[in-house]
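A short write-up of the structure that comes next.
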Amino acid sequence: MTQLLLLLVALLVLGHVPPGRSEFKRCWKGQGACRTYCTRQETYMHLCPDASLCCLSYALKPPPVPKTKYE
């Protein structure tokens with residue numbers, strides 16, 4: 001009986017844990033994630049609506065806009 005009770009409690013606890021990456025809101029056309037801080041493989045692009053950072057992988061970062069010289 002105690003094993004059944006332990007199994008029931010374990011299933012209830014595991015049911016409340018959020019799955020992998022679904023806890024982060026998406027940004028930058030669905031390619032970035034809104035977080036409080038970015039990982040080492042990501043860069044900050046802009047702020048999300050909830051004032052968190054929009055983190056984008058370095059592989060997906062758009063190229064910089066070339067500067068024009070005014071003479």
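What's counted below: heavy atoms across the whole structure, side chains too, no hydrogens, waters or symmetry copies.
- Counting all heavy atoms, side chain and backbone alike, Y58 lies closest to R40 at CE1-O, 3.4 Å.
- Here T2 pairs with nothing under the side chain to side chain contact (heavy atoms under 4.5 Å, CB included) rule; sequence neighbours left out.
- Hydrophobic cluster membership of L47, counting Ile, Leu, Val, Met, Phe, Trp and Tyr whose side-chain heavy atoms lie under 4.5 Å apart directly or via other members: Y44, L53.
- Summarising the geometry, atom CD belonging to Q31 is positioned 9.0 Å from atom CZ belonging to R26; distances are rounded to the nearest 0.5 Å.
- SG atoms of C27 and C54 are separated by less than 2.5 angstrom, consistent with a disulfide link.
- A donor-acceptor distance shorter than 3.5 angstrom exists from the side chain of E42 to the backbone of T39, with no hydrogens or angles considered.
- In this structure, cysteines C34 and C55 have SG atoms that are not closer than 2.5 angstrom.
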